[in-house]
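Single-structure report; data block below.
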Amino acid sequence: LSQQCFTFKDRVNQFVNAHKRNRKTLQHHMQLVELLEIPQLVDSCARNGFHEEALELANFVNGLERRHLLASEVKSLNGKIRGGSGVVQGIVDDVHSTLSGLRQQLLHTLTENTSLPKEIQILATLRKLDGLLIDRFLSLARHESEVLNSGNTSSEWTEKHRGDQLRNRLVQSSEIRLQMDFLEARTIWLARNADNKSSSTTATSANAVSGLGGENPPSNRAVSSAHSTLGPYGQAIETLELRRTSLFAVITQFNALFRQSDANQSATNHLSSTSATNVLNAWTTRQVYTLLEELRVLLPQVEEGASLRSVLEQALFFASRMGQVGCDFSLMVLPVFKDVICGRFERDLQRAIGYFRRMMLTERVCFDADALPLNVRKDDVTPITGPYMEQMIPLYSIQDPTTGSGQNSTDLLSLATPTSATSDEFSAPQLLMKYPPLAYLLNCLLQCLNYLRECPLVTAKEDLLQLLSRFVESVCAFVVEKAADIRRLGEKYFGDGYMRDNLAKSGRGQGGLSTAAIDPASVEKMDRLYSLALANELVPHVLICFESIFNTSSQTFINKIRKYKTQMTHKSQSMTASTSIGMGMNGSPLYLINNAHEGKELLGPHLFHKLDLHCWKVLKSGGFNINNDVTVGNLSEGLY
């Protein structure tokens with residue numbers, strides 16, 4: 001009975017304690033309801049823009065969590081051992097989950113078009129939010145350290161000092177993270193701004209295409225056509241202008257928000273300013289690389305050299321303006337344009353030598369040089385079938401002394417006629433009109449040089465000269481390799497009947513020039529004639545034109561060429577009539593350069609070395625004697 005009484009007493013005490021707890025809970029019912037509604041209240045404040053109130057509630061929840069740290073140890077949602085009841089811990093977890101959403105909401109606001117005051121307000125809120133998170137983390141870390149080191153009073157000062165250091169590091173880390181988040185948000189704004197600009201341009205052009213009175217939206221073809229009307233040049237200029245204004249705005253905002261004046265910087269602030277500089281430099285570098293990659297895509301599509309030069313000037317202006325904020329990237333711009341110019345130059349040279357080979361081996365050419373399919377090999381000598389028209393191109397064309405045109409003249413020279421007029425010093429050699437394949441080759445080269453002249457990039461000079469040298473070497477190597485074929489194809493132009501007929505038609509059989517005086521046995525072979533024209537006329541002329549583009553003292557160079565040509569003209573006029581027969585009908589020297597001495601005098605040591613290395617030595621390796629120190633008459637064709 002006594003045992004049962006003690007058991008009854010214990011059970012009654014339990015009921016009494018439970019009743020007291022329930023009565024106390026009922027008395028604080030309103031306070032408990034308010035505590036349970038805190039997560040919903042914080043969420044409502046965050047959704048409606050009351051950020052300060054939401055942070056105040058979060059600060060209260062942090063204090064509530066600290067007061068319950070000495071209670072029984074329970075596990076939180078992430079498995080960590082913390083003090084406090086499960087209800088309080090649930091409230092804390094819900095509030096901090098809402099704060100995480102609030103942070104994302106504020107960062108999303110920075111991706112939109114915002115003013116500097118608005119950004120200052122957003123960053124102040126984010127700093128307060130980070131401060132709350134740091135305080136909570138330190139409180140939990142301090143509590144766990146006290147639990148582990150309970151009874152050890154000698155390490156209190158050490159733990160306090162370590163806590164201060166940890167706080168400073170956390171503050172610096174949160175500031176760096178805030179800077180990176182700000183720049184990432186502004187990067188999204190830059191991308192949206194560019195897309196909106198492109199969309200507005202496309203929509204405006206599409207409306208113009210669709211007409212003023214149309215109610216139906218334009219078709220996809222109309223939108224694509226309207227977008228393409230801007231062109232690569234317009235897109236490049238628009239990209240540079242948009243990037244320039246946008247990057248300046250972001251960098252100015254960043255400096256105003258994160259970089260403090262040097263006059264009132266403490267050691268911590270100085271470290272923060274240094275980290276801000278590093279973060280900004282890294283972000284700016286990434287943006288510059290993005291811009292340069294966009295230019296690498298657009299610039300090869302710009303056809304005109306003048307347009308490319310305009311884009312280059314805009315890019316250098318942009319780079320120099322960025323130097324005002326310590327981000328000058330002029331040295332990164334030039335290699336991009338250098339690659340574009342060299343790539344365009346190399347492609348044009350490859351196409352030119354492909355058609356030259358075809359002309360030399362088949363005496364045919366596609367009427368529209370640009371219409372040749374890409375899958376046709378450059379060295380293919382089979383006839384082209386289909387809609388691509390071809391015309392016959394002879395290896396040699398007799399010139400009319402009155403008009404300068406050939407009896408076999410074609411529209412070949414119109415395929416690549418230079419668009420810009422040149423001075424008399426750089427006029428194309430008339431001798432090459434007798435060799436239509438060489439005339440076409442020269443016109444292609446002059447077209448390439450005209451493109452370079454409109455955008456002469458000095459840093460690309462040596463690379464371009466190397467490409468030109470390799471091109472000349474490949475042409476000369478082709479002449480050496482196919483010398484037998486060229487000689488065989490040229491035999492028909494050395495027949496007695498062919499020469500008599502063509503000389504009579506061109507008027508050279510009249511006026512004292514007898515066709516019977518021509519000895520076909522003394523006539524040079526076609527392969528040698530081409531080698532002489534290449535080595536002594538075409539290549540020197542191209543090198544002179546190339547040097548005139550990049551020569552810093554171009555007027556001095558022009559005067560030198562004028563003086564040389566005057567001397568050669570006086571020399572030709574003093575020769576006898578029989579000698580001038582071998583030089584040409586106009587009495588001018590047959591070749592621009594006839595020996596090594598003249599080459600060094602006209603071209604200079606550097607260019608003459610290129611001529612000798614990549615042209616003369618290649619031809620001499622094939623058995624052609626093209627630079628002996630002999631008279632002009634001995635180098636004549638003998639076709640007259």
Side-chain angles (χ1 to χ4, degrees), residues 43 46-49 51 54-55 97-130 133 173-204 223 227 230 234-259 272 275-298 315 318-319 321-322 324-327 329 332:
D43 182 69
R47 290 177 180 274
N48 294 302
H51 302 149
L55 294 180
S97 176
T98 304
L99 291 182
S100 178
L102 174 61
R103 181 184 179 84
Q104 296 299 324
Q105 177 185 346
L106 293 174
L107 292 176
H108 179 74
T109 306
L110 293 176
T111 63
E112 301 172 353
N113 239 341
T114 57
S115 60
L116 184 59
K118 180 67 174 178
E119 292 173 354
I120 294 175
Q121 181 182 358
I122 293 174
L123 289 178
T125 304
L126 288 173
R127 286 192 176 99
K128 291 181 180 179
L129 195 153
D130 290 339
L133 297 178
S173 300
S174 66
E175 187 68 14
I176 294 175
R177 179 192 176 190
L178 188 59
Q179 296 166 5
M180 298 174 65
D181 289 340
F182 173 80
L183 291 177
E184 288 296 330
R186 300 315 286 171
T187 301
I188 298 175
W189 171 75
L190 286 174
R192 289 180 179 175
N193 196 15
D195 293 341
N196 293 337
K197 184 69 175 179
S198 177
S199 300
S200 62
T201 303
T202 304
T204 303
V223 173
H227 183 68
L230 195 59
Q235 294 179 25
I237 294 295
E238 185 182 64
T239 299
L240 288 172
E241 181 65 22
L242 183 62
R243 290 279 183 176
R244 182 175 63 84
T245 55
S246 301
L247 286 182
F248 263 103
V250 173
I251 293 174
T252 303
Q253 293 169 356
F254 185 89
N255 290 334
L257 293 171
F258 297 102
R259 300 184 66 176
S272 177
S275 64
T277 303
N278 296 334
V279 170
L280 180 61
N281 290 341
W283 179 82
T284 306
T285 302
R286 187 179 66 176
Q287 295 302 315
V288 168
Y289 273 109
T290 302
L291 172 64
L292 295 180
E293 288 301 321
E294 293 178 1
L295 292 179
R296 287 183 189 275
V297 175
L298 293 174
F318 178 19
R321 288 278 294 173
M322 289 291 289
Q324 298 179 1
V325 291
C327 304
F329 59 95
M332 301 175 65

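Count residues from 1 along the sequence. The structure presented is a predicted model; accordingly, all values stated were derived computationally and were not measured.
Panel note: side chain Ser246, backbone Arg243; no donor-acceptor pair is recorded below 3.5 Å. No side-chain donor-acceptor contact under 3.5 Å links Thr284 to the backbone of Asn281.
Annotation: salt bridge (Lys or Arg N to Asp or Glu O under 4.0 Å) contacts of Glu112 (sequence neighbours excluded): none.
You'll find the side chain of Leu190 reaches within 4.5 Å of the side chain of Leu247, heavy atoms only. A 4.5 Å side-chain heavy-atom check between Gln179 and Trp283 finds every atom pair outside the cut-off. You'll find the side chain of Leu110 stays beyond 4.5 Å of the side chain of Glu184, heavy atoms only.
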(message) Between Thr111 and His108, does the side chain to side chain contact (heavy atoms under 4.5 Å, CB included) criterion hold? Intermediate values first, please.
(response) CA-CA 5 Å; Thr111 63; His108 179 74; 3.7 Å; yes
(request) Show your working on side chain to side chain contact (heavy atoms under 4.5 Å, CB included) between Leu107 and Leu126 and close with a plain yes or no. (result) CA-CA 9 Å; Leu107 292 176; Leu126 288 173; 3.9 Å; yes
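Residues Arg103 and Asp181 are paired through a salt bridge, judged by an N-O separation under 4.0 Å between the basic side chain and the carboxylate.
Evaluation of the salt bridge (Lys or Arg N to Asp or Glu O under 4.0 Å) test over residues 275-284, restricted to residues two or more places apart or in two chains, returns none.
Contact between Leu242 and Ala194 at its shortest, heavy atoms only, is CD2-CA, 3.3 Å. Closest approach of Leu183 and Leu280 over heavy atoms only: CD1-CA, 4.3 Å.
Aromatic ring orientation, Phe318 versus Phe329: perpendicular (interplanar angle above 60°, classes split at 30° and 60°).
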Pairs of donor and acceptor atoms involving the side chains of residues 113-124, under 3.5 Å and at least two apart or interchain, shall be tabulated with distances.
from   : atom 1 : to     : atom 2 : distance (Å)
Asn113 : OD1    : Trp189 : NE1    : 3.1
Thr114 : OG1    : Glu119 : OE2    : 3.0

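At most 12 non-hydrogen atoms from other residues, nucleotides or ligands lie less than 6.0 angstrom from CZ of Arg47.
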